[in-house]
Amino acid sequence: MSVYEYEQKNTPIPVWIDLDTGVDDAVALMAACALEKRGKLCIRGVSAVSGNAPLERTFENTRNVLSLCGRPDIPVYAGASRPLVEEPVYAAYVHGEDGLSGIILETSSAQKESEKAWDALYRCALECDGELELILTGPETNAAIAFMKYPQLKSMIRRILVMGGADIGGNITATGEFNIYADPHAAQVVLQTGLPIVMCGLDVTMKAVVKGEQVRELEKRRSKAAPFFKVSMKMVNIFMKGSLGDTCTVHDACPVLFAVWPQLFSGTICGVNVETRGKLTKGQTVTDWDTDNKFPLRNVYLVRDVDQDKFSEALVELLM
Ligand code: RIB
Ligand code: CA
C-alpha cells in the first residue's frame, strides 16, 4: 500500500497544517476542522507563514478562523515573516491587504503562542511516532526551516501534502504558482528531503472548483464558509477576467481532502525540482513525468486530475 493510496483507517490521521491564511486557506482550515469532527483527522498543530499577506495578518487570520470554527483550543504558531532568500511577495490582488478580502472575524481569545512554528512542529513530530503528516498551503518557508534546523525531522514525518506548483504554467508569473514562486528555495529544500510529497498544483486545483449553485446553497444554509466562497468568487473572477464563470477555485482545500479521500484524485509519481534562478522561470516546478531524462529523486505524487463533482460535493457537505 503506497502512501498515496486510500487506506481504511480506524484512527484519525495526525496532521500539522501550515498556512498563509488567505481566503482559500481559511476554507481549507474549516474543512480540516470538519474532518476532525468526523474522526478523519487529528489537527495536532497549526502554523502561519508570510504569503498571501504579511505574517502578522496571516497569524491573526489563522487564529480567528479557528475561533470561528469553535476551535480556539488548537494552538497556532507564528513562523517566518519572509522567505529564505527572496524578498517577500504578497497576494493582495486576490486576498486583499488583510488577507481575507475584507471579511471581518471576531478576534480570537486564545492565548498567543510564543514558540516559533518550526520548534513547535519538531516537538509535535517527536510525539507522533513517525505518523505525523504535514499539510502546507502557503509558501513552504516554515517547513524548510524546520527540516534545516532539525535534520532528524524527516525521519519523523509520514508524508507531506502541499498546495503548490504547476506543470501547466503559473498564476503569478507565466511559470510560477504563487506558493512556490514566493519562496522557491524553501520548496526545493522540502522536495530534497526525499519524503513522499503529494503535490496539488494548479494542474488539479484549477479543476477542483465549487459551482456557484453550491456556493448559493451554502449561503442559504448560513454556512460559516459561505462568505469566503463568495468573496473568493468575486476576487478570483476579477483576477482571472471572468474566465472561471460561475465557479470558485479553492486551491488549498485539495491537499486537505486528498489526505482523507485520495480516491477523488489521480496523478503520477515523478521527480520535481524548483527553478530558483531563472529570469523568466524562477519558481517553476520542473517535473520529469513525461520525459526520458528522469531526475534521480522521484518522491512526488503529481496530482493531475480530480472527480470535480465528487470533490465539490464532499467539500460543500463538510462545510454545510
Ligand atoms: O496559487 C494559489 C495559492 O496561493 C493558494 O495557496 C493561495 O492561498 C495562495 O497562497
Ligand atoms: Ca494559501
Side-chain angles (χ1 to χ4, degrees), residues 16-32 46-55 57-62 65 76 79-80 82-83 86 88-101 103 117 134-143 160-184 186-187 190 198-210 225 228-229 231-233 235-240 243-244 248-258 274 282-285 303 306 315:
W16 182 283
I17 308 177
D18 186 79
L19 318 104
D20 62 333
T21 305
V23 176
D24 59 331
D25 305 76
V27 171
L29 194 49
M30 296 169 102
V46 172
S47 48
V49 67
S50 168
N52 284 323
L55 175 65
R57 280 309 326 155
T58 61
F59 181 54
E60 272 311 305
N61 292 343
T62 305
V65 169
V76 181
R82 56 154 301 129
E86 302 295 331
V89 284
Y90 305 118
Y93 53 91
V94 174
H95 297 269
E97 296 296 332
D98 65 353
L100 291 181
S101 299
I103 295 175
L134 296 190
I135 298 177
L136 312 177
T137 68
E140 301 175 13
T141 318
N142 290 345
I160 305 172
L161 304 106
V162 309
M163 190 281 133
D167 203 35
I168 55 166
N171 56 2
I172 185 167
T173 68
T175 56
E177 176 280 324
F178 178 82
N179 289 338
I180 309 300
Y181 177 83
D183 196 341
V190 172
V198 174
M199 179 175 140
C200 299
L202 297 176
D203 315 74
V204 67
T205 67
M206 289 308 293
K207 298 176 189 170
V209 294
V210 172
F228 296 88
F229 280 100
V231 77
S232 182
M233 282 185 89
M235 295 294 278
V236 169
N237 265 302
I238 293 168
F239 172 58
M240 297 191 65
S243 61
L244 274 181
C248 178
T249 51
V250 263
H251 304 280
D252 294 336
C254 288
V256 172
L257 265 65
F258 189 104
V274 179
K282 183 177 68 175
Q284 180 176 6
T285 45
V303 186
V306 62
L315 179 60

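Just so you know, ligand 1 is whichever comes first in the structure, and atom 1 is the first atom listed for that ligand. The first residue of the sequence shown is numbered 1, and numbering continues consecutively from there. Keep in mind that the numbers below use all heavy atoms, side chains included, and drop hydrogens, waters and symmetry copies.
Angle OD2(D252) to the Ca ion (ligand 2) to O(T137), rounded to 10°: 90°.
Counting heavy atoms under 4.0 Å from ligand 1, residue D25 touches it through the side chain alone. In I172, neither the side chain nor the backbone holds a heavy atom less than 4.0 Å from any atom of ligand 1.
Tested against C200, the residues L202, D203, V204 include a single side chain to side chain contact (heavy atoms under 4.5 Å, CB included) partner, V204.
Taking 3.0 Å as the threshold, M163 does not count as a candidate ligand of the Ca ion (ligand 2), since none of its N, O or S atoms lies below it. Taking backbone and side chain together, D25 holds an N, O or S atom under 3.0 Å from the Ca ion (ligand 2).
Atom OD1 is the N/O/S atom of D20 found closest to the Ca ion (ligand 2).
Side-chain contact, D18 with S47: a donor N or O sits under 3.5 Å from an acceptor N or O.
For ligand 1, the atoms lying closer than 4.0 Å to a non-hydrogen atom of D20 are 10 (O). Close contacts of ligand 1 with D252, meaning ligand atoms under 4.0 Å from a residue heavy atom, involve 5 (C), 6 (O), 7 (C), 8 (O). With ligand atoms numbered from 1 in the order given, ligand 1 contributes 2 (C), 3 (C), 5 (C), 6 (O) to contacts under 4.0 Å with heavy atoms of M163. Near E177, with a cut-off below 4.0 Å to any heavy atom, the atoms of ligand 1 are 1 (O), 2 (C), 3 (C), 4 (O). Applying the 4.0 Å criterion to heavy atoms of H95 picks out, from ligand 1, the atoms 7 (C), 8 (O).
For ligand 1, one of its N or O atoms has an N or O atom of D24 under 3.5 Å away.
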